[in-house]
Amino acid sequence: MGILDGGAATIFQSLMGAYFLPATLHQAGALVYTDGVITSNGAVDIDCKVQVDVANYRMQQSANYIDGDVRLLVLASQVTTDDELTVSEQRYKIYATSRDPAGAYWDCSGRVS
C-alpha cells in the first residue's frame, strides 16, 4: 500500500492522532422499503478522532454557510453528509465533505444540530 492509495491515512493517524479529540461518528443507516413502509437498516456509531476548527474562507463563501459553522477534520474510513458527529459533548450535522488528496483525513463542514 503506497502513500497515495490509502497508506497515508495509517501514517497520518499514527503520527497526528494524538492531537485529535476522541469523537463518535453517527452513520445513518440506509433507508429500506418494506411493504410500502420506510425503515432503516440500522444506524451505527463509530469511534473516530476529530479536530474542530473555525470555518475557513472556502466554507464562509459557500451558499450553505451560517455563522457558527465549523470545520471538522475527521480520521475515519468514510464520512458522508448523512452523518453526524459528537465531540466534547457537542453534536454536529455534517453538511459537506471532501477527502484530502492523500486520503489521510476527511475535511468536513459541520453545523451544531
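Residue numbers run from 1 in the order of the sequence given. Bear in mind that the values here come from a model prediction, so they are computed numbers and not experimental data. Note that these values count all heavy atoms, side chains included, but never hydrogens, waters or copies made by symmetry.
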Which of these passes side chain to side chain contact (heavy atoms under 4.5 Å, CB included) with Asp107: Leu73, Asp53, Thr97?
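Among the candidates, only Leu73 passes.
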
Positive for side chain to side chain contact (heavy atoms under 4.5 Å, CB included) with Thr24, one of Val50, Asp47, Ile46, Val87:
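The single option meeting the side chain to side chain contact (heavy atoms under 4.5 Å, CB included) with Thr24 is Asp47.
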
Quick one: list whatever passes side chain to side chain donor-acceptor pair (under 3.5 Å) with Ser98, sequence neighbours left out.
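If we apply the side chain to side chain donor-acceptor pair (under 3.5 Å) test to Ser98, skipping adjacent residues, there are no hits.
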
The criterion is side chain to side chain donor-acceptor pair (under 3.5 Å); which residues satisfy it with Asn56, sequence neighbours excluded?
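Side chain to side chain donor-acceptor pair (under 3.5 Å) check on Asn56 returns nothing, list empty.
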
Please check if the side chain of [X] supplies one atom and the backbone of [Y] the other of a donor-acceptor pair under 3.5 Å.
X: Ser62; Y: Asn64; result: yes
X: Trp106; Y: Ala76; result: yes
X: Gln60; Y: Ala55; result: yes
X: Lys93; Y: Thr81; result: yes

Between [X] and [Y], is any pair of side-chain heavy atoms under 4.5 Å apart?
X: Gln90; Y: Val112; result: yes
X: Leu25; Y: Val79; result: yes
X: Val74; Y: Cys48; result: yes

Grab the two heavy atoms, one from [X] and one from [Y], that are nearest each other, plus how far apart they are.
X: Gln27; Y: Gln78; answer: NE2-O, 2.9 Å
X: Tyr65; Y: Tyr95; answer: CA-OH, 4.0 Å
X: Thr80; Y: Asp83; answer: N-OD2, 2.8 Å

Any link between Val70 and Met59 through a network of hydrophobic side chains (Ile, Leu, Val, Met, Phe, Trp, Tyr) touching at under 4.5 Å?
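Different clusters: Val70 never reaches Met59 through Ile, Leu, Val, Met, Phe, Trp or Tyr contacts under 4.5 Å.
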
What distance do [X] atom [atom1] and [Y] atom [atom2] have between them, rounded to the nearest 0.5 Å?
X: Glu84; Y: Asp82; atom1: CD; atom2: CG; value: 10.0 Å
X: Ser109; Y: Leu72; atom1: OG; atom2: CG; value: 8.0 Å
X: Leu21; Y: Lys49; atom1: CG; atom2: NZ; value: 9.0 Å
X: Asp100; Y: Tyr105; atom1: CG; atom2: OH; value: 4.5 Å

